[in-house]
Amino acid sequence: MKVLKKKIKPIIGKALQHYGLEIENYEDLIQDPRDRSVCDLCIPCFSLAKVLKENPVKIAENISKKINEFSNEDIEVKSLNGYVNFSSNPKWLANKLFLENYEFFENVDKKNILIEHTSANPNGPFHVGRARNAILGDCLVRLNRDLGNEVIAEYYVDDMGKQVGILSWAIENISVDEVERILKNNQIDDLNPMWKNKEDHIRVRWYQAANIIRKDNQKIENELTDIINKSEEGDEEVLTKFNNAFQPILDGMLETLSKLGINYDSFTNESQFIIDGSVNKIMKDLENSELYGEAENGAKYLELAEKGVSGKSTKFFFRRGDGSSLYATRDLAYHQWKWKKAEKLINVLGEDHRLQSKQVSVALNELKIKPPDVVFYAFIKLPEGKMSTRKGNVVFMDDLIFEAEEIALKLLSERKIKIEEIEKLKIAKAVASSAIRFNILKVSPEKGFTFKWDDALSFDSDSAPFIMYSHARSCSINEKVKRLGLKDELLELSEIEINNSISKLLRTMFRYEEAIEKSVSENKPNHFCYYMLELSTAYNLFYRDCPIINDSKINLFNYKVSEYSRKLLFRGCNALGIIPLESM
RNA sequence: GGGCGCAUAGUGUAGUGGAUAUCACGCUGGCCUUCUAAGCCGGCAACCGGGGUUCGAAUCCCCGUGUGCCCGCCA
């Protein structure tokens, strides 16, 4: 709790001085308690016991006594089991919030940040595994913005090379009938009629078919090599052809993401760095590195054995024997370019890119370019194994969203509350998208999990609808109060009446700042997910115990607390990409 | 063969070297004449194994075991 920490810091300093303790960064002693019902912040005195050669229980008692001499009733200080426990007086907190208009993140150093996420090859619709990247990345964008940072959400478009080359070749050389025949022979499902007009679902079939027939077919391989080479040389005609092949797919993919509330500020094409010459410049510069080496056929690499890379190959190739660049080389140029746009870079990458990313970091260091922060996430598996667009072993995001909407609609029709049909559809869409996002976000990025329909579609108490529901309740109360015609009255200090539920809610609200900061500094949205569940739970408790309207009379203080919660729930929902409905 | 992740109730998960290990599903017992019961209250149940560091380890180190990812002049 930042507000409390700020308050107790000088007092603790004084108390320690009286104890004869001169500790640098003594604020590091202040910790969050394990159990928040005990206190808001604490100092474990075990490390001090070593210095002072005294019983920690005794030390905690003495420090508490000293602190009590210096502090007032805004805080409560008690010693217990070798801990000095600090609790904020809820009246003091209420006063801060409602009379002093305390602002979150006032003294935070705001930054310009570029977050590159998703950047999936535009060769087919999003499956659940690929979408984890977009959902994580978008949430990091939102969390950073909530904190006050300026963020560019960036999609790096692979518009050249093998993947799109295969796609482009397929569309030009394989007929519809042939595609269907090939896929049928290889046990790949028919196109779901629901997506028969969605180009990402349509065109991926060409990609899949081409990958099947190009095996053991030298003629196709030669044709592919030809156009891929041309694309890597920046051949305008070929790049245009590639672009025409993948753009409809990319549009379809982005349509799917927008259903989940995910949007981008800018798209950057990989070929840009070939065309502007920066890749060539980088390849030259890398030759000056002490790690530089050359293969027999003229291919160039950095030797990374001394840089902590091991395995079958420790070489990082950045130029082929024929002089062309590789994906990773272009990535180096891309990073150089990105640093012109922001003072902090974050990349969201699948765990399969761990080695690649390490190689890029070392190479960037050799070029005196700062490496980015990287967030790795583990894959989502299917019970049958890894998801693969090429093999058609996937759960499409479009299907998942559709199913989730169906379930939400069904639940809505079972509710007692009366809602119009159009409204129902809107609610179902919001619930579906929010629930899907949340169920992926709440799991720590580095942990893999197996996709199960029941889990992905869960609307249980640790899901987005739970949070949305608390928010909707607070909106409903606000509506009712407004209908009763409350004038904008100022709260008097004497009206502040605290009970356990209000106290708990106020304390939880004041943890909003560090909840966001922790998620942002560690690039882990799951932390903030759990905070929002706590906030919702605290609001639900308050809702049960603290009536706001009684016989058409309004309890002004309770109303203010509810309103502040409503705004905070709304804000937190946006930070996660959950849609805060006013009724559901 | 080598490297890098991960391992917590029956299941899924949280956890910054510190107090009685979080939350949910599940199983179980209650609460709608009451601001939305997609809610609230109670009970059951867990730190992969073995060493080490430390006053103190789920957390740090080492050795195992299991599991995932990677080791291409692909992206």
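No hydrogens, no waters, no symmetry mates; every other heavy atom, side chains included, goes into these values. Each chain gets a letter, A, B and so on, in the order its sequence line appears, and its residues count up from 1.
Phosphate proximity of B:C71 to A:K358: absent, as no side-chain N or O sits under 4.0 Å from OP1 or OP2. Taking side-chain N and O atoms only, A:H527 has a distance below 4.0 Å to OP1 or OP2 of B:G15. Between A:Y469 and B:A38 there is a side-chain polar atom (N or O) within less than 4.0 angstrom of OP1 or OP2. Between B:G68 and A:R354, no contact under 4.0 Å exists linking OP1 or OP2 to a side-chain N or O. Under 4.0 angstrom from either OP1 or OP2 of B:A37 there lies at least one side-chain N or O belonging to A:R473. For the OP1/OP2 pair of B:G5 and a distance below 4.0 Å, the side-chain nitrogens and oxygens of A:Y377 include no atom meeting the criterion. Within the structure, a side-chain polar atom (N or O) of A:N540 is placed less than 4.0 Å from OP1 or OP2 of B:C40. Of the side-chain N and O atoms in A:N439, none sit less than 4.0 angstrom from OP1 or OP2 of B:A24. Put simply, A:R415 has a side-chain N or O that comes within less than 4.0 Å of OP1 or OP2 on B:A38. In terms of phosphate contacts, A:S310 brings no side-chain nitrogen or oxygen within less than 4.0 Å of OP1 or OP2 of B:G2. Within the structure, a side-chain polar atom (N or O) of A:R34 is placed less than 4.0 Å from OP1 or OP2 of B:A19.
Here A:K560 does not pair with A:E563 in a salt bridge; the nearest charged N to carboxylate O distance is not below 4.0 Å. Salt bridge A:K162/A:E232: absent, no basic N to carboxylate O contact under 4.0 Å. A salt bridge does not link A:K5 to A:E514: none of the charged nitrogens lies less than 4.0 Å from a carboxylate oxygen. With salt bridges taken as basic N to acidic carboxylate O contacts below 4.0 Å, none links A:E287 and A:K284.
Using a 4.0 Å heavy-atom criterion, one finds that A:S461 contacts the sugar-phosphate atoms exclusively. Residue-level contact check: A:M584 touches the bases, meaning some heavy atom is under 4.0 Å from a base atom. Using a 4.0 Å heavy-atom criterion, one finds that A:S47 contacts the bases of the nucleic acid, with or without backbone contacts as well. Counting any heavy atom pair closer than 4.0 Å across all strands shown, A:F449 reaches sugar-phosphate atoms only and no base atom. Counting any heavy atom pair closer than 4.0 Å across all strands shown, A:A472 reaches a base atom. Within the 4.0 angstrom heavy-atom criterion, no nucleotide atom of any strand lies near A:A49. Using a 4.0 Å heavy-atom cutoff across all strands shown, A:F317 reaches at least one base atom of the nucleic acid. Using a 4.0 Å heavy-atom distance criterion, A:K162 is classed as a base contact. A:I549 comes within 4.0 angstrom of a nucleotide base, judged by non-hydrogen atoms across all strands. At a threshold of 4.0 angstrom between heavy atoms, the contacts of A:L412 include nucleobase atoms, whether or not backbone atoms are also involved. Within 4.0 Å (heavy atoms only), A:S562 reaches no atom of the nucleic acid at all. Using a 4.0 Å heavy-atom criterion, one finds that A:D455 contacts no nucleic acid atom at all. Within 4.0 Å of A:K386, counting heavy atoms only, lie sugar-phosphate atoms of the nucleic acid but no base atom. Residue A:C546 is in base contact, counting any heavy-atom pair closer than 4.0 Å across all strands shown.
Between A:K50 and A:E522, the residue whose closest nucleotide on RNA chain B is further toward the 5' end is A:E522. Both A:S313 and A:E351 sit near RNA chain B, but only A:E351 has its closest nucleotide nearer the 5' end.
Taking atom P in both B:C44 and B:G10, the straight-line distance is 15 Å, to the nearest Å. Rounded to whole Å, the P atom of B:U8 lies 26 Å from the corresponding atom of B:G56. Taking atom C1' on both B:C32 and B:A24, the two are 23 Å apart, rounded to the nearest angstrom. Comparing the P positions of B:U28 and B:U16 gives an interatomic distance of 34 Å, to the nearest angstrom. B:G68 and B:C25 are spaced 30 Å apart, taking the P atom of each and rounding to whole Å.
Among the nucleotides B:A38, B:C70, B:C74, the one closest to the side chain of A:L326 is B:C74. Checking B:A19, B:A75, B:C71 against every side-chain atom of A:L355, the shortest atom distance belongs to B:C71. With distances taken from any side-chain atom of A:S444 to the nucleotides B:A75, B:C40, B:A14, the minimum falls on B:A14. With B:A14, B:C71, B:A75 as the choices, the nucleotide that has an atom nearest any side-chain atom of A:K312 turns out to be B:C71. Distances were taken from every side-chain heavy atom of A:Q163 (C-beta onward) to each of B:A19, B:A75, B:C40; the shortest belongs to B:A75.
Atom CD of A:E582 is separated from atom P of B:U36 by 14 Å (rounded to the nearest Å). Across the protein-nucleic acid pair, A:D159 atom CG and B:A75 atom P stand 13 Å apart, rounded to whole Å. The distance between atom CG of A:N85 and atom P of B:A19, rounded to the nearest whole Å, is 12 Å. One atom, CD of A:E446, and another, C1' of B:U13, lie 12 Å apart when rounded to the nearest Å. For the pair A:L29 CG and B:G17 C1', the interatomic distance rounds to 14 Å; values are reported in whole Å. Atoms CG (A:D460) and P (B:U11) sit 18 Å apart, rounded to a whole Å. The distance between atom NE2 of A:H471 and atom C1' of B:C35, rounded to the nearest whole Å, is 15 Å. Rounded to an integer number of Å, the gap from A:K447 NZ to B:A7 P is 4 Å.
With a cut-off of 3.5 Å on both Watson-Crick or G-U wobble distances, the partner of B:U54 is given as none. Base pairing of B:G42 is made with B:U28, judged by Watson-Crick or G-U wobble geometry with both donor-acceptor distances under 3.5 Å. Base pairing of B:C48 is made with B:G64, judged by Watson-Crick or G-U wobble geometry with both donor-acceptor distances under 3.5 Å. Across every strand in view, B:G17 sits unpaired, with no contact that passes the Watson-Crick or G-U test at under 3.5 angstrom. Using Watson-Crick or G-U wobble geometry with both donor-acceptor distances under 3.5 Å, B:C73 finds no partner in any strand shown.
Taking the syn range as angles within 90° of 0, the glycosidic angle of B:C48 is outside it, so the base is anti.
Taking the ring centroids of A:Y301 and A:F318, they lie at or beyond the 6.0 Å cut-off. Centroid-to-centroid, the aromatic rings of A:F451 and A:F379 stay 6.0 Å apart or farther.
In terms of polar N and O atoms assigned as donor or acceptor, the side chain of A:N297 comes within less than 3.5 Å of the base of B:C73 in a complementary pairing.
A:Y512 and A:F528 have perpendicular rings, their planes meeting at more than 60° on a 0 to 90° scale where under 30° would count as parallel. Using cut-offs of 30° and 60° for the angle between ring planes, the A:Y327 and A:H353 rings count as perpendicular.
Scanning for side-chain hydrogen bond (donor to acceptor under 3.5 Å, both in side chains) contacts around A:S357 gives an empty result, with sequence neighbours left out.
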For residues 222-230 of chain A, which side-chain donor-acceptor pairs fall under 3.5 Å, sequence neighbours excluded?
unit_1 : atom_1 : unit_2 : atom_2 : d
A:N222 : OD1    : A:Q218 : NE2    : 3.1
A:N222 : ND2    : A:Q218 : O      : 3.4
A:E223 : OE1    : A:W169 : NE1    : 2.8
A:E223 : OE2    : A:K219 : NZ     : 3.1
A:T225 : OG1    : A:E221 : O      : 2.7
A:N229 : ND2    : A:T225 : O      : 3.3

